Amino acid sequence: LKIVVCIKQVPDSAAKITAADGEVTWGDAPLVMNPWDEYAVEAALQQKDERDADVTVLSVGAEAAKEALKTALAMGCGEAILVSDPALAGADSQAVAQVLAAAIRKIGGVDAAFFGRQAIDGDMGVTAAQTARYLGWPLLGLVAAIPQWDNVVRVERTMEEGRQVVEADLPVVMSIVKEIGEARYPSFINIRKANKATIPTWSLSDLGIEAPQAQVSWPEVENPPTQSVQTEILSGSPQEIAAQLVAKLMAEKVL
Amino acid sequence: MSHKVLVYLDQNAGAALPASWEALGLGVNVAQQLGGTAAALAVGPGAEDLAAQAFQYGAAAAFFATDAGLADYRPETYATVLTQVAQQEAVALVLLPTTSRGRELAAMTAVDLKTGVMPDVTGLEVADGQIVATRPVYSGKVIAKSVCAALPAVVTSRARAFPKPSPDAGSRGTPTAVTVAGLEAAPKTRVLEMIPAEGGVSLSDANVIISGGRGLANNPGLTPPSGLDDKQAEIWRAQEGFKLLERLANVLGGAVGASRAAVDAEYIPYAHQVGQTGKVVSPNLYVACGISGAIQHQAGMRSSKVIVAINKDPDAPIFKLARFGIVDDVWAILPPLIDAFQERLKA
């Protein structure tokens with residue numbers, strides 16, 4: 001059983017993000033593995049524990065993204081690959097999905113590709129579905145549990161109305177959600193291994209593809225205006241506060 | 001006039017999700033800016049009735065597909081239907097609501113149509129003939145104006161970011177059946193069953209959300225049943241607190257949310273979590289009870305219309321977002337507040 005986990009490196013969730021002159025910057029905030037992707041790594045490592053799955057972690061990004069790949073190795077993934085190419089500057093979700101599909105084909109013999117639900121920078125949440133469409137593999141989106149995996153895989157997908165139980169032929173693409181279980185911490189021995197690991201970098205020519213055409217761009221970015229909320233502190237006895245709040249909320253017409 | 005916009009109506013068991021009608025209202029508006037009309041598409045069981053309803057919400061045409069192969073929702077087949085109708089109508093915009101299904105269908109349809117996708121927009125307009133989407137990115141810390149070079153643009157609209165149009169019972173029409181070509185003969189996925197979620201209002205669609213945090217566990221006035229260890233007693237206290245939140249939510253027809261801290265401490269299931277690693281919500285009223293308001297929590301509720309914060313700690317960051325602040329114990333304030341709302345709403 002061979003699983004590829006696709007991860008992205010993003011600015012830490014607590015980073016101060018500045019938008020100016022069409023550029024988004026985050027100062028010296030640390031770059032980390034996208035927090036949602038940690039659940040995808042965890043899901044793959046659960047299959048490693050239970051079924052001895054072979055787990056490879058894959059990222060498209062700058063050379064610095066090797067740090068995020070090392071985090072995945074330290075959590076227990078067996079191998080890591082970075083796809084990096086100057087021609088990918090300005091790539092949109094579909095361009096990245098085509099690159100990931102080409103890399104997954106090059107890795108070869110892959111039974112499943114795992115993704116997080118979305119990245120906390122672009123907040124797109126479409127890469128798993130798009131990679132599945134390019135590969136021609138079925139998509140199992142927002143997977144909360146994988147109760148069965150032999151010649152077919154059975155999962156529970158989260159939807160607004162509940163959980164849809166779906167069985168799929170392999171190979172498949174899955175996006176994984178938090179209900180799969182909290183991501184494990186790196187072990188000391190794996191951290192040492194990860195620090196020594198040599199991570200190969202593949203270019204687009206290694207994948208045998210041209211840079212895919214990006215269609216979507218963000219020509220304008222801005223920080224939202226700081227909300228000038230005038231906070232009104234209500235005081236008095238609990239009964240008085242309750243009466244004031246009800247009156248004020250009725251006046252605001254939010255009910 | 002030709003159809004400029006195709007709106008996909010996301011549904012379950014024949015009932016449209018509320019965000020579907022919001023998307024249709026938006027689609028009609030953008031179609032007018034483009035000098036055309038909007039058409040709607042419904043797929044799966046109940047699609048014909050649903051398509052018929054679309055006329056009341058401003059659709060100029062409505063399509064439905066109910067082939068046997070579409071009995072269960074599967075993104076592969078549903079995206080194929082959406083792609084086919086979008087091509088046949090040669091629209092400039094394919095619009096879906098941001099739901100679990102809408103987002104993945106948009107993603108796949110954009111691949112099929114060799115165009116781009118702009119998911120979860122909070123604004124959509126036509127400027128100089130081009131469709132411009134407003135998208136919160138970096139968890140809402142940045143607002144991007146996004147464009148797609150190819151046509152049609154594929155867009156999903158965030159729930160509650162656009163008004164739901166009022167249905168006009170006098171607008172009627174006859175929906176058109178779509179015959180779908182190229183459905184897989186042997187599907188690679190098989191839907192086995194649906195395990196329904198616990199009842200209650202969905203957080204994304206809720207008009208009112210009453211949320212609780214770590215502070216709910218601190219009520220010293222409660223005596224836990226004997227035999228509980230410290231952690232169990234803490235959870236028991238917090239759950240007593242969440243019962244109060246639930247009563248207030250019931251009175252106001254709202255839903256119960258929670259901070260990550262409360263979910264991690266096992267006070268309440270993850271499905272209730274609001275924030276960066278939970279749900280992003282924008283209700284009319286958000287009441288934060290015993291929530292300090294970490295930046296990751298703010299990312300999930302900042303766009304609420306009116307925020308009320310109840311917290312014992314006057315320095316809690318949540319007060320910076322709050323229109324109304326109450327520096328007191330949650331369990332002291334909520335019982336009289338529930339009574340006062342009950343009185344007022346009865347009147």
Side-chain angles (χ1 to χ4, degrees), chain A residues 13-14 17 19 24 35-36 92-94 120-126 129-130 133-134 138-142 156 158-169 178-179 215-224 227 229 231-234 238-239 241-243 245-246 248-250 252 254-255, chain B residues 12 17 75-76 99-101 103-104 107-108 110-111 115-120 137-139 141-150 188-197 202 252 270 276-277 284-285 295-296 305-306 308 319 321-328 332-333 336-337 340-341 344:
Chain A
S13 64
I17 309 285
V24 175
W36 293 112
D92 64 2
S93 68
Q94 264 140 288
I120 65 166
D121 52 1
D123 285 324
M124 297 284 286
V126 297
Q130 298 197 313
R133 203 64 163 175
Y134 284 115
L139 169 74
L140 302 173
L142 308 178
E156 295 177 15
T158 51
M159 288 184 179
E160 283 76 1
E161 303 81 14
R163 289 188 178 188
Q164 190 195 42
V165 183
V166 189
E167 184 185 272
D169 300 337
K178 188 177 177 179
E179 287 97 327
Q215 303 290 355
V216 173
S217 59
W218 310 346
E220 282 177 49
V221 287
E222 61 175 22
N223 290 112
Q227 287 159 317
V229 184
T231 306
E232 189 178 341
I233 299 287
L234 308 180
Q239 282 72 20
I241 290 174
L245 185 60
V246 170
K248 287 176 187 298
L249 290 176
M250 298 308 286
E252 294 268 345
V254 288
L255 291 170
Chain B
N12 180 57
L17 275 70
E76 287 76 19
T99 58
S100 59
R101 291 173 289 261
R103 199 190 281 252
E104 65 188 26
M108 290 183 166
V111 170
T115 176
V117 60
M118 301 186 284
D120 206 23
V137 293
Y138 293 90
S139 311
K141 292 178 198 170
V142 174
I143 306 296
K145 296 279 187 196
S146 191
V147 293
C148 179
K188 293 174 187 164
T189 61
R190 294 160 292 279
V191 175
L192 304 179
E193 61 170 322
M194 188 72 169
I195 304 169
S202 130
L252 299 178
Y270 169 64
Q276 189 148 37
T277 49
N284 274 354
L285 174 62
I295 185 120
Q296 290 86 352
K305 198 166 164 205
V306 171
V308 175
F319 284 115
L321 295 184
R323 175 75 187 82
F324 302 108
I326 298 166
V327 183
D328 208 331
I333 298 297
L337 190 59
F341 270 123
R344 181 66 188 253

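Convention: sequence-line order gives letters A, B, ...; per-chain numbering from 1. Just so it is clear, the model here is predicted, and its values are computed rather than measured.
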I'd like to know which of [options] tops the heavy-atom pair count under 4.5 Å against chain B.
options: A:P35, A:G125, A:G141; result: A:G125
options: A:S217, A:P219, A:A243, A:A129; result: A:S217
options: A:V166, A:L142, A:L139; result: A:L139
options: A:L249, A:V126, A:D169, A:L140; result: A:D169
options: A:E222, A:E161, A:E179; result: A:E161
options: A:N223, A:V221, A:V216, A:T158; result: A:V216

For [Y], does its backbone N or O pair with a side-chain atom of [X] as donor and acceptor, under 3.5 Å?
X: A:Q239; Y: B:P336; value: no
X: A:Q130; Y: B:A107; value: yes
X: A:E252; Y: B:V306; value: no
X: A:T231; Y: B:F324; value: no
X: B:R103; Y: A:M124; value: yes

Which heavy-atom pair separates [X] from [Y] by the least distance, and what is that distance?
X: B:T189; Y: A:A168; value: CG2-CB, 3.7 Å
X: A:S13; Y: B:Q296; value: OG-NE2, 3.1 Å
X: B:V117; Y: A:Q94; value: N-OE1, 3.6 Å

Item to check | Step-by-step side chain to side chain contact (heavy atoms under 4.5 Å, CB included) determination, A:W218 to B:V142 | outcome: CA-CA 11 Å; A:W218 310 346; B:V142 174; 5.8 Å; no
Checklist entry - Should B:V137 and A:D121 be marked as a side chain to side chain contact (heavy atoms under 4.5 Å, CB included) after you check the CA-CA gap, both sets of side-chain angles, and the distance that decides it? => result CA-CA 6 Å; B:V137 293; A:D121 52 1; over 6 Å; no
Per-residue contact mode, [X] against chain A (heavy atom under 4.5 angstrom):
X: B:R344; answer: side chain
X: B:E76; answer: both
X: B:T115; answer: backbone
X: B:Y270; answer: side chain
X: B:L252; answer: side chain

Measuring heavy-atom distances to chain B, does [X] have an atom under 4.5 Å in its side chain, in its backbone, in both, or in neither?
X: A:I241; result: side chain
X: A:V246; result: both
X: A:S93; result: side chain
X: A:L234; result: both

Item to check | Max heavy-atom pair count under 4.5 Å with chain A, selected residue of B:R190, B:E193, B:M108 | outcome: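 Answer, by heavy-atom pair count under 4.5 Å with chain A: B:R190.
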Next on the checklist: If you count heavy-atom pairs within less than 4.5 Å of chain A, which of B:P196, B:A332, B:G116, B:P75 leads?
Outcome noted: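 Of the candidates given, the most pairs with chain A belong to B:G116.
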If you define the side chain from C-beta out and look only at heavy atoms, does anything of [X] sit under 4.5 Å from [Y]?
X: A:W36; Y: B:T277; result: yes
X: B:V308; Y: A:L245; result: yes
X: A:M159; Y: B:M194; result: yes

Item to check | Full working for side-chain hydrogen bond (donor to acceptor under 3.5 Å, both in side chains) between B:S202 and A:E160 | outcome: CA-CA 7 Å; B:S202 130; A:E160 283 76 1; over 6 Å; no
